[in-house]
Every structure is written in C-alpha cells, then in structure tokens.
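Structure record follows, encoded as structure tokens.
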Amino acid sequence: MNIWLMKSEPDVYSFDDLKKADKRTSMWEGVRNYQARNFMRDDMCKGDVVLFYHSNCKEPGIVGLAEISSSKAYPDPTQFDKKSNYFDPKSDPENPRWLVVDVRYRKAVKRPVTLKEIKAHPELGKMKVAQRGMRLSIQPVDKAHYDIIQKEFWG
DNA sequence: GCCAACGTTGGC
DNA sequence: GCCAACGTTGGC
C-alpha cells in the first residue's frame with residue numbers, strides 16, 4: 001500500500017467538499033503535471049492512503065485522510081471540455097494526455113497538521129511538502145512520516 | 001499582492 | 001538540444 005499527499009486549494013475543492021460529495025467520492029480532476037500524472041498512472045492503487053492537503057490558503061496543511069477508490073487511473077474528462085479551466089486543446093481523444101483517479105473521503109484530522117508544524121518537526125520536516133520550492137501536487141509519503149502523523153494527529 | 005522556484009514552450 | 005521567456009504554484 002502506498003501513501004500519498006494530494007494538494008488542493010480549498011477555494012477550488014476543499015476536504016469538506018469531498019465529504020459532501022456523492023458517495024463521498026470525487027474524480028481528482030485537473031492534474032496538468034506529468035510527474036503527478038505518472039504517479040496516478042503507474043503507482044496508485046485502490047486503497048492507497050491519501051493525506052488531503054490544503055494549499056494556497058490562510059493555513060496550509062494536512063486536513064484529512066482519504067483513499068484512492070478507483071482501481072486505476074482513467075482519462076480526465078475536463079481536458080476535452082472547452083468550458084473547463086482544465087481544457088487542453090493539445091490532448092488527443094484517441095490518446096488522452098491527462099488522467100484522474102477517484103478519491104474517497106475517510107476522516108478528518110482532530111486538528112490540521114499545519115505546514116508550519118511539519119517544517120518545525122524534526123522528522124516531518126523531511127517530507128517533500130516541507131521542502132522549498134516543492135510544487136508537485138501529488139507526492140509520495142514515507143510510511144515513517146505517515147506513522148508519526150497518525151500517532152500524533154489522529155491519535 | 002509579492003515574488004522565488006519551478007515546469008513548459010518555442011526560437012534558434 | 002540549448003536556453004530565454006513565459007506562465008503557474010503556493011508560501012508568506
């Protein structure tokens with residue numbers, strides 16, 4: 001089982017939005033970065049754990065736990081939707097460039113694990129998300145880091 | 001709102 | 001294939 005950190009801007013799609021979604025599940029649409037796409041395509045498995053991270057907001061940090069609920073990645077419909085912000089005219093419908101997975105809500109944290117705390121923590125500070133200039137929106141998480149978060153924040 | 005860091009694009 | 005210019009991300 002893999003563990004992932006997935007970023008979302010709460011103004012665009014928050015952890016609460018996922019909770020309120022039909023079946024508490026949503027397509028993770030709009031990924032337009034090849035490295036992140038490749039994680040979805042090559043490495044994600046149904047049941048993988050997801051740390052849901054709020055970015056570009058007042059208090060960035062991990063706000064909840066989710067899981068991958070599709071058995072594999074599949075084409076992102078928004079790439080072909082001219083009205084979508086995620087429309088990509090260069091993507092060929094015969095060979096779609098961008099993929100999604102389904103993500104299902106699991107539970108909220110007792111309190112958010114803020115980026116500030118992550119950076120200040122001797123171990124968690126080593127997480128990718130804490131590193132300077134780290135913009136990747138889907139990141140693998142070490143089990144050791146997940147265990148710490150689980151112990152200290154889900155208790 | 002600022003701006004550093006990064007990924008992508010496109011001319012050459 | 002190089003690299004400058006550009007657009008985006010995302011913390012602050």
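By convention in this document, chain letters (A, B, ...) are assigned in the order of the sequence lines, proteins followed by strands, and residues within each chain are numbered from 1. This one's a predicted model, so the numbers in the text were calculated from it and none came from an experiment.
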5' to 3', nucleotides 7-12 of chain C under a 4.0 Å protein heavy-atom cut-off (B base, S sugar-phosphate only, - none) gives BBBBBS

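- Both A:M40 and A:V50 are assigned to one and the same hydrophobic cluster, defined by single-linkage of ILVMFWY side chains at heavy-atom distances under 4.5 Å.
- Test A:Y13, A:F52, A:Y74, A:W4 against A:W28 for ring pair (Phe, Tyr, Trp, His ring centres under 6.0 Å) and you get one pass: A:F52.
- If A:R97 and A:G133 are placed on DNA chain B by their nearest nucleotide, the residue sitting closer to the 5' end is A:G133.
- Between A:K90 and A:R132, the one whose closest nucleotide on DNA chain B sits nearer the 5' end is A:R132.
- A salt bridge links A:D76 with A:R32; the closest basic N to acidic carboxylate O contact falls under 4.0 Å.
- A:S70 and A:R104 are not linked by any side-chain donor-acceptor pair at a separation below 3.5 angstrom, with hydrogens and angles left out of the test.
- Side-chain contact of A:T78 with A:D81: a donor-acceptor pair under 3.5 Å is absent, judged by distance alone.
- Heavy atoms of A:K58 sit nowhere under 4.0 angstrom from any nucleic acid atom.
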